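The sequence lines fix the lettering, A, B, ..., with proteins before strands; numbering per chain opens at 1. Just so it is clear, the model here is predicted, and its values are computed rather than measured.
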Amino acid sequence: MPRLLRPAEVRHHDTVAIARSLLGRILVARDAAGRRLARRITEVEAYNGPDDRACHASRGRTKRTAVMFEPGGVWYVYLVYGMHEMLNLVTGPRDYPAAVLIRGVEAIDGPGRVTRVLGVNRRFNAQPCARATGLWIEDDGFVPPAAEVQATPRIGIDYAGTPWIEKPWRFVWQRTEA
DNA sequence: TACTCGATCGGA
DNA sequence: CCGATCGAGTAA
């Protein structure tokens with residue numbers, strides 16, 4: 001029986017470590033018919049606190065970023081380019097604005113595709129990562145081998161400037177042939 | 001109230 | 001390479 005990801009596990013300051021640890025965990029949603037959609041997380045990015053210029057909340061607290069100041073364990077879902085919903089898990093203690101962007105799950109690369117396939121949109125924004133919400137994360141004990149995990153700079157954040165643009169805070173898990 | 005542009009994607 | 005598509009953020 002897999003256990004749920006508990007909010008307390010993502011309420012410390014090390015967003016980068018949390019991002020890395022989400023690889024291999026199972027993102028679960030329910031479709032319109034109530035069926036379970038579950039896939040392991042394969043790609044994530046950390047957006048780490050008020051100093052990280054790639055983090056939306058580094059410009060301060062606004063209507064959109066307010067949710068990132070909440071205690072970790074809630075979803076941050078927003079729209080980019082007028083058409084793609086981005087799914088993030090808020091991390092850190094209250095008032096430490098940080099989150100992990102879920103960029104890929106098994107057989108689905110790209111944050112916009114992840115949300116489309118799983119039926120995620122802004123109605124999940126600020127909702128807890130919990131079964132009752134209809135969108136949650138499970139941990140069945142599986143951990144990707146370190147050799148299969150890569151760290152790279154984050155995608156699409158050229159505006160952030162140095163040093164943020166080069167931080168290796170994107171993590172990709174790719175299974176190697178058995 | 002008028003801009004600008006984005007944590008992207010799919011099709012030329 | 002380019003267009004789609006829209007709302008947050010900022011300037012005014």
Side-chain angles (χ1 to χ4, degrees), chain A residues 5 10-25 27 29 31 37 39-92 95-129 133 135-137 149-174:
Chain A
L5 177 79
V10 298
R11 285 185 182 161
H12 61 82
H13 287 78
D14 197 344
T15 312
V16 178
I18 293 169
R20 170 81 175 64
S21 76
L22 287 179
L23 292 177
R25 295 205 182 179
L27 179 63
D31 68 13
L37 300 170
R39 292 174 187 259
R40 289 193 195 275
I41 296 169
T42 56
E43 181 181 349
V44 294
E45 279 175 357
Y47 288 89
N48 190 11
D51 298 328
D52 174 10
R53 295 303 274 175
C55 178
H56 289 161
S58 68
R59 312 276 159 156
R61 187 186 208 117
T62 66
K63 188 172 188 177
R64 181 176 62 153
T65 63
V67 64
M68 296 182 84
F69 291 79
E70 293 298 307
V74 298
W75 299 113
Y76 168 37
V77 186
Y78 69 93
L79 189 70
V80 267
Y81 299 112
M83 57 185 77
H84 304 294
E85 313 272 350
M86 299 287 106
L87 174 63
N88 301 252
L89 180 65
V90 173
T91 62
D95 292 332
Y96 183 79
V100 175
L101 171 65
I102 298 178
R103 295 186 54 90
V105 295
E106 289 170 300
I108 305 171
D109 290 331
R113 293 176 184 160
V114 168
T115 53
R116 180 153 48 81
V117 170
L118 292 182
V120 171
N121 56 41
R122 282 163 288 171
R123 88 189 153 79
F124 289 102
N125 186 240
Q127 301 257 101
C129 171
T133 302
L135 184 63
W136 69 98
I137 292 174
V149 174
Q150 288 260 60
T152 83
R154 294 168 290 179
I155 305 295
I157 54 148
D158 290 355
Y159 59 84
T162 177
W164 311 107
I165 194 172
E166 36 198 63
K167 297 282 186 188
W169 290 352
R170 168 173 175 254
F171 297 95
V172 184
W173 166 41
Q174 187 156 32

Checklist entry - Checking all strands, does Arg116(A) fall into the base, sugar-phosphate, or nothing category for heavy-atom contacts under 4.0 angstrom? => result sugar-phosphate

Checklist entry - Hey, where on DNA chain C does chain A first and last touch, going 5' to 3'? Cut-off is any atom under 4.0 Å from a heavy atom. => result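 Under 4.0 Å from chain A, the extent on DNA chain C is dA4(C) to dG9(C).
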
Next on the checklist: Need one value for Ile155(A): base, sugar-phosphate or nothing, where a base atom within 4.0 Å counts as base even if backbone is also close, heavy atoms only.
Outcome noted: sugar-phosphate

Next on the checklist: Is it the case that over 12 heavy atoms from other parts of the model lie below 6.0 angstrom from the CD atom of Gln150(A)?
Outcome noted: no

Item to check | Main-chain N/O of Asp109(A) paired with Arg113(A) side-chain donor or acceptor, under 3.5 Å | outcome: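 Side chain of Arg113(A) to backbone of Asp109(A), a donor-acceptor pair under 3.5 Å: yes, one is there.
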
Checklist outcome for this item: Per atom distances to the His84(A) side chain, the nearest of dA7(B), dG10(B), dC9(B) is dC9(B)

Checklist entry - Is Arg64(A) touching bases, backbone alone, or none of the nucleic acid, heavy atoms closer than 4.0 Å? => result sugar-phosphate

Item to check | Heavy-atom pair with the smallest gap, counting every atom of Trp75(A) and Val90(A) | outcome: C-CG2, 4.4 Å

Checklist entry - Within the modelled atom types, does a donor on one side and an acceptor on the other bring the side chain of His56(A) and the base of dA7(B) under 3.5 Å apart? => result yes

Checklist entry - So, do Tyr96(A) and His13(A) have ring centers that fall under 6.0 Å from each other? => result yes

Checklist outcome for this item: Note: for Leu79(A) and Thr65(A) on DNA chain C, the residue whose nearest nucleotide lies more 5' is Leu79(A)

Checklist outcome for this item: Pairing string of DNA chain C (Watson-Crick or G-U wobble, both atom distances under 3.5 Å; | = paired to other strand) is ||||.||||||.

Checklist entry - Within a reach of under 6.0 Å around CD of Gln174(A), are more than 12 heavy atoms found that belong to other residues, nucleotides or ligands? => result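 Not buried by this count: 12 neighbours or fewer within 6.0 Å.
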
Item to check | Sugar-phosphate only, base, or nothing, as touched by Met83(A) at under 4.0 Å among non-hydrogen atoms | outcome: base

Checklist entry - How would you label the contact of Ala160(A) with the nucleic acid (heavy atoms, under 4.0 Å): base, sugar-phosphate, or nothing? => result nothing

Next on the checklist: What contact category does Arg122(A) fall into here, base, sugar-phosphate, or nothing, at under 4.0 angstrom with non-hydrogen atoms?
Outcome noted: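 Contact class for Arg122(A): sugar-phosphate only.
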
